[in-house]
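Note that ligands are numbered from 1 as they come in the structure, with each ligand's atoms numbered from 1 the same way. Values in this document were obtained by computation on a predicted structure and should not be read as measured data.
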Amino acid sequence: MRAVFPGSFDPATQGHLDVVRRAAGLFDEVVMCVLTNPKKAGRLPLSERLALLSEMTSDLPNVTVDSSTGRLLVDYCRDAGVGVIVRGARTTRDLGHELPMAHMNRHLSGIDTLFIPADPSLAHISSTLITSTRGR
Ligand code: PNS
């Protein structure tokens, strides 16, 4: 089965890498797809996010990198033949935020979301905090 791991990846982190590594062991192919999160101001240009993702996943042969702007994740899934959505979850707060999206995505498309619990040693990492604490 082909899975998608969607996100802003602004920037991608060791936490994202751990999740995609584990997902790559479960599915035939995992596409890391950079999407727009309307609640976040973008910082890195798309080209830099994609380059970083490609570099980080270069040792994972069944992981590919893609992007999609201006449309819903479920439309991307339909066009790309994706059967499952993968998301990492660090905390119950993450799950509280993610569950309504998972419900809506399944309602719209029938596609389920698989949550991979973050490795506790990486659970403090967030793209937002990395940007605001850069250099420390
Ligand atoms: O890394 P993020 O910012 O937590 O990722 C959130 C993202 C990009 C996966 C989410 O905002 C998303 O799916 N955006 C695409 C538009 C969409 O499908 N929105 C409806 C979700 S119910």
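Nearest protein heavy-atom neighbour of atom 20 (C) of ligand 1: Leu72 CD2, 3.9 Å. With respect to atom 8 (C) of ligand 1, the closest heavy atom belonging to the protein is Leu35 CB, 3.8 Å. The shortest contact between atom 10 (C) of ligand 1 and any protein heavy atom is with Met101 SD, 4.3 Å. Of the protein's heavy atoms, Ser8 N, 2.9 Å lies nearest to atom 1 (O) of ligand 1. Residue, atom and distance of the protein heavy atom nearest to atom 5 (O) of ligand 1 are Arg87 NH1, 3.4 Å. The protein atom (non-hydrogen) at minimum distance from atom 14 (N) of ligand 1 is Thr36 O, 3.2 Å.
The distance from atom CZ of Arg78 to atom CG of Leu108, rounded to the nearest 0.5 Å, is 10.5 Å.
With hydrogens and angles left out, the side-chain atoms of Glu29 and Thr64 include a donor and acceptor closer than 3.5 Å.
Here the side chain of Asp10 pairs a donor or acceptor atom with the backbone of Arg43 at under 3.5 angstrom. A donor-acceptor pair is defined here as one N or O able to donate and one able to accept, closer than 3.5 Å; no such pair exists between the side chain of Ser68 and the backbone of Leu35. Of the possible donor and acceptor atoms, none in the side chain of Asp28 sits under 3.5 Å from a partner among the backbone N and O of Arg2.
Close approach of ligand 1 to Asn37 is summarised as follows: ligand atoms under 4.0 Å from at least one heavy atom of the residue are 2 (P), 3 (O), 6 (C), 11 (O). The Lys40 neighbourhood of ligand 1 comprises atoms 1 (O), 2 (P), 3 (O), 4 (O), with distances under 4.0 Å to a heavy atom of that residue.
Residue contacts with ligand 1: Arg71 is placed with no nitrogen or oxygen under 3.5 Å of a nitrogen or oxygen of the ligand (distance criterion only). Geometrically, ligand 1 and Leu73 share a nitrogen or oxygen pair separated by less than 3.5 Å. Taking any N or O of Asn105, backbone or side chain, none lies under 3.5 Å from an N or O belonging to ligand 1.
A salt bridge does not link Asp18 with Arg21: every distance from a Lys NZ or Arg NE/NH1/NH2 to an Asp or Glu carboxylate oxygen is 4.0 Å or more.
For the side chain to side chain contact (heavy atoms under 4.5 Å, CB included) test with Met32, the passing option among Val63, Val4, Leu60 is Val63; the others fail.
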* To do: Show your working on side-chain contact (heavy atoms from CB on, under 4.5 Å) between Val86 and Phe27 and close with a plain yes or no.
  => CA-CA 10 Å; Val86 170; Phe27 300 107; 3.9 Å; yes
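Residue Asp10 does not touch ligand 1, judged by heavy-atom distances below 4.0 Å.
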